[in-house]
Amino acid sequence: MQFQLSKPTNNKQRRNMETQGKVITCKAAVAWGAGEPLVMEDVKVDPPQRLEVRLRILFTSICHTDLSAWKGENEAQRAYPRILGHEAAGIVESVGEGVEEMMAGDHVLPIFTGECGECRVCKRDGANLCERFRVDPMKKVMVTDGKTRFFTSKDNKPIYHFLNTSTFSEYTVIDSACVLKVDPLFPLEKISLLSCGVSTGVGAAWNVADIQPASTVAIFGLGAVGLAVAEGARARGASKIIGIDINPDKFQLGREAGISEFINPKESDKAVHERVMEIIEGGVEYSFECAGSIEALREAFLSTNSGVGVTVMLGVHASPQLLPIHPMELFQGRSITASVFGGFKPKTQLPFFITQCLQGLLNLDLFISHQLPFHDINKAMQLLHQGKALRCLLHL
C-alpha cells in the first residue's frame, strides 16, 4: 500500500530558541523497580553535550525488549530509576557541539544501535554492531562524560538511560550516532516502527538469512518481529511460510503477512519440529526464533533441513540461559546465528529500506494494533504482556 506523506514540520512543532542550551522539564514514564507500574512524572532533561542531540519524541511504542527490561528478567541489567523505550520518532529540539548532519526541527528516528562510521565494524560490509555505539543493555549513562541527562524534578536524583535512546519521555538526549535524519515528508507515526521491530524482522530475513526465492520458512513467535520476518520472506518469494504460536488469535494477521500454515504447540501431541517435517519433507531451509524461549529455539533448530538449514535467533532471552544445542549437531549441516536490528547499518542502509516501505513493499499498518495517549502507557504495557497487542503506538 502507499502512504500519504506528512506535511513538513510547522512553526508550532519547532522548539524556539528559548529552550536551547537550557534544562527542559517534561513528562516521562519512569521505571522505579522490576515489574512495578511506570510512574508518569516530571523530569528534568539536560541540554545535549558534544555530539549529542536532544529530541522531542512525538510517537513511541513498546516492544518485548522494553517488556523484558520492565520485568527485570535479566538481573544484571537492572538499573533504577530508568526511562525505558527505544522504538520511536520525533523532532530535533537542539544539537550539541560537533553535530553537523542535523539541526533543530529535523525529523528523526532514534536508533538503539548506532553507527559511528569510523570503527572497523562500521567500515565492514555485513556487520552492524558499532564498536562505540552498539546496543548495550548494561549501559545506563552517556558516552561523552559517563553521566545521565535525566533527573527527577523533586530532588534532582539521576535517572538512568536505556538502550541509547530512552523514548518513554517527551524529551530525550541521544548520541548523534544513534539518530537518523529522515525526510520531513515521511509519516513519522508509520516509520517509527522501523526504528526497531519491523526492521529487525525484515532485515533478519533479507540481510542475515538471505532468504532465496521458492525457499521454505518457519517462524516461531508471531509478534511484531515474527510477522515482520514473514513480510520479508514473502517479499523475497518464499514458497511456503509456516507460523508457530500458542496464541491462535495471531493467525489471521499471520495470513495477511503471507503465512499459509499454522501450528499451535498446545494443540498438538507431537513436537513442533515433527509437525514442520510433516508439512515440509526434510524440514525448512530457514527458521526464525522470535519468542525468547529456549524450547522454541531448540524446535526451530530441529525444524530446519539437515544439510542446508539456517536458524536465526531474534528473541530476547532471560539469563542465565545456554544454547540448547550439542556442538556435534552443528556437523549435521544445520547452522544457527543471531541478529541485531536485522543486520541493518542504521545510518547507511536504513534510509533506502524506509523508502521501500513507503513505496508499498510492506504493509506497516498491519503492525499497529492499538493507539493510545502517552499517559496510558501502563495499559499499553499490559496489552503487550497479555499478548493482545502487536504494537501500541503512543502519542506524546
Side-chain angles (χ1 to χ4, degrees), residues 3-4 6-15 19 24-33 35-45 54-71 81-93 105 107-110 112 150 152-154 159 161-163 165-174 182 184 186-198 223-224 253 364-396:
F3 291 120
Q4 292 184 348
S6 298
K7 295 180 180 179
T9 306
N10 58 39
N11 290 333
K12 185 177 181 180
Q13 289 173 310
R14 292 180 184 271
R15 291 295 299 180
T19 62
I24 290 177
T25 299
C26 69
K27 293 292 184 182
V30 182
W32 285 92
E36 297 179 10
L38 302 179
V39 179
M40 189 67 66
E41 58 185 282
D42 289 333
V43 300
K44 297 177 181 178
V45 185
R54 187 161 61 184
L55 307 184
R56 169 75 169 96
I57 299 297
L58 298 181
F59 304 97
T60 190
S61 49
I62 304 165
C63 94
H64 277 88
T65 303
D66 299 309
L67 198 63
S68 175
W70 169 68
K71 292 191 291 185
R82 199 172 202 178
I83 296 176
L84 305 176
H86 64 284
E87 186 174 87
I91 297 174
V92 174
E93 178 272 336
H107 286 202
V108 292
L109 296 183
F112 64 90
F150 299 113
T152 59
S153 62
K154 292 182 180 179
I159 302 174
H161 295 251
F162 178 69
L163 294 188
T165 48
S166 291
T167 62
F168 292 169
S169 175
E170 292 176 331
Y171 287 87
T172 186
V173 176
I174 304 176
V182 298
F186 289 172
L188 287 177
E189 67 277 14
K190 307 283 189 182
I191 65 172
S192 65
L193 302 175
L194 303 181
S195 65
C196 179
V198 174
L253 284 176
L364 293 181
D365 283 327
L366 173 72
F367 298 91
I368 302 176
S369 59
H370 299 75
Q371 298 193 51
L372 291 171
F374 183 43
H375 62 76
D376 282 338
I377 188 169
N378 283 304
K379 180 179 179 180
M381 295 285 279
Q382 288 302 317
L383 285 170
L384 186 64
H385 179 60
Q386 296 166 2
K388 297 179 180 179
L390 284 179
R391 282 295 185 266
C392 182
L393 190 66
L394 298 170
H395 296 245
L396 281 74

task = Anything under 30° is parallel, anything over 60° is perpendicular, the rest tilted; go ahead and classify His161 against Phe150.
result = tilted
query = Going from CG on Asn378 to CD on Glu36, what distance comes out if it is rounded to the nearest 0.5 angstrom?
reply = 11.0 Å
task = Measure the spacing between CG of Asp365 and CD of Glu189 and express it to the nearest 0.5 Å.
result = 9.0 Å
key: Leu84 vs Ser166, side chain to side chain contact (heavy atoms under 4.5 Å, CB included): CA-CA, chis, key distance, verdict   = CA-CA 5 Å; Leu84 305 176; Ser166 291; over 6 Å; no
message = Using the side-chain contact (heavy atoms from CB on, under 4.5 Å) definition, which of the options Thr165, Ile91, Val92 pairs with Leu55?
response = Val92
query = Do you know the tightest heavy-atom contact between Leu193 and Leu364?
reply = CD1-O, 3.6 Å
With Arg391 via salt bridge (Lys or Arg N to Asp or Glu O under 4.0 Å) - residues at least two apart = Glu87
Reported CH2-to-NE2 distance for the pair Trp70 and His64, which is rounded to 0.5 angstrom = 11.5 Å
note = Output for pair (Arg82 CZ, Leu38 CG), nearest 0.5 Å, gives 13.0 Å
ask   = So, for Ser61 and Asp66, which heavy atoms are closest and what is the spacing to 0.1 Å?
value = O-OD2, 3.9 Å
task = Kindly determine whether Lys27 and Glu41 satisfy side chain to side chain contact (heavy atoms under 4.5 Å, CB included), including the steps that lead there.
result = CA-CA 5 Å; Lys27 293 292 184 182; Glu41 58 185 282; over 6 Å; no
message = Under 6.0 Å between ring centres: does that hold for Phe59 and His395?
response = yes
query = In terms of heavy-atom contacts, does NZ of Lys379 have more than 12 from other residues, nucleotides or ligands at under 6.0 Å?
reply = no
Chi angles and distances behind the side chain to side chain contact (heavy atoms under 4.5 Å, CB included) call for Val182, Leu188 = CA-CA 9 Å; Val182 298; Leu188 287 177; 4.2 Å; yes
remark   = Of all heavy-atom pairs linking Pro110 and Ala88, the shortest is CD-O, 3.3 Å
note = Smallest heavy-atom separation, Tyr171 atom then Val45 atom, equals O-CG2, 3.8 Å
key: Between CD on residue Gln371 and CG on residue Leu394, distance to nearest 0.5 Å   = 9.5 Å
Residues 381-389 side chain polar contacts: donor-acceptor under 3.5 Å, at least two apart:
unit_1 : atom_1 : unit_2 : atom_2 : d
Gln386 : OE1    : Lys388 : NZ     : 3.3

remark   = Minimal heavy-atom distance between Ser153 and Asp42, with the atoms involved, is OG-O, 3.2 Å
request  = Report the C-alpha distance between Val30 and Ile83 in whole Å, list the side-chain angles of each, state the deciding distance to 0.1 Å, and finish with yes or no for side chain to side chain contact (heavy atoms under 4.5 Å, CB included).
outcome  = CA-CA 5 Å; Val30 182; Ile83 296 176; 4.3 Å; yes
ask   = About how many Å separate CE of Met40 and CZ of Phe374, when rounded to the nearest 0.5 Å?
value = 4.0 Å
ask   = What pair of heavy atoms forms the shortest contact from Ser369 to Leu390, and how long is it?
value = OG-N, 2.9 Å
